[in-house]
Amino acid sequence: MIVIRVLLEVQPEKQQDLVQFMHNSVTVSNRFEGCAKYNLYQDIGAENTFLLYEEWETQEQFDAYKASDHFKESGRVLFPLLVGTPDSLYFDAQVIPA
């Protein structure tokens, strides 16, 4: 499983634009083959900071998503709304049974 966490800091005046765009983007992204989870969270203590959390079944499926028109369009829309560059971490992970 590939787990991705991306921290996004949005320009304060662009926060609503990001939320509106991501509402649809989350729905579309969750429909991609291999997407187990794709959600956006807002930091309660820093309202202009968002966490994008993703889980993909395989690296190949995540790579197919990154090559998609949807992913490319998301970058074109999101990057102008942000302060700086997103802070991303990628994990090749497995679930530990309880």
Please work out whether the ring planes of H70 and Y65 are parallel, tilted or perpendicular, with thresholds of 30° and 60°. tilted

With sequence neighbours excluded, tell me which residues meet side-chain hydrogen bond (donor to acceptor under 3.5 Å, both in side chains) with Q59. D63

One should read off an interatomic distance between Q16 CD and L81 CG, to the nearest 0.5 angstrom, of 11.5 Å

Where does the angle between the aromatic ring planes of F32 and W56 fall among parallel (under 30°), tilted (30 to 60°) and perpendicular (over 60°)? perpendicular

Mark yes or no for whether Q61, through its side chain, and T58, through its backbone, hold a donor-acceptor pair below 3.5 Å. yes

Determine whether I4 and Y41 fall in the same hydrophobic cluster, where Ile, Leu, Val, Met, Phe, Trp and Tyr are linked whenever their side-chain heavy atoms lie under 4.5 Å apart. no

Does a side-chain heavy-atom distance below 4.5 Å link L78 with L18? yes

Output yes when a side-chain donor or acceptor of S25 lies under 3.5 Å from a complementary backbone atom of F21, and no otherwise. no

Any side-chain heavy-atom pair of F71 and S29 under 4.5 Å: no

From CE (M22) to OG1 (T27), nearest 0.5 Å: 10.0 Å

If you define the side chain from C-beta out and look only at heavy atoms, does anything of E55 sit under 4.5 Å from Y38? no

Nearest heavy-atom approach of K37 to Y53 is CD-CE2, 3.7 Å

Let me confirm one number: the CZ-CG distance from R5 to L89, rounded to the nearest 0.5 Å. 4.0 Å

Can you list everything that forms a salt bridge (Lys or Arg N to Asp or Glu O under 4.0 Å) with E73? Sequence neighbours excluded, please. R76

Distance-minimising heavy-atom pair for V95 and P97: O-CD, 3.5 Å

State, yes or no, whether a side-chain contact exists between E54 and V3 at a heavy-atom distance under 4.5 Å. no

Tell me whether L51 is reachable from Y90 by hopping between hydrophobic residues (I, L, V, M, F, W, Y) whose side-chain heavy atoms are closer than 4.5 Å. no

List the steps and the verdict of side-chain contact (heavy atoms from CB on, under 4.5 Å) for V10 and V83. CA-CA 6 Å; V10 66; V83 175; over 6 Å; no

Could you point out which residue of D87, D43, L52 forms a side-chain contact (heavy atoms from CB on, under 4.5 Å) with L7? D87

Within this structure, what is the CG-CD1 distance for the pair D92 and I2, rounded to the nearest 0.5 Å? 4.5 Å

Using the rule side-chain hydrogen bond (donor to acceptor under 3.5 Å, both in side chains), only one of Q42, E13, Q15, Q11 pairs with N48; which is it? Q15

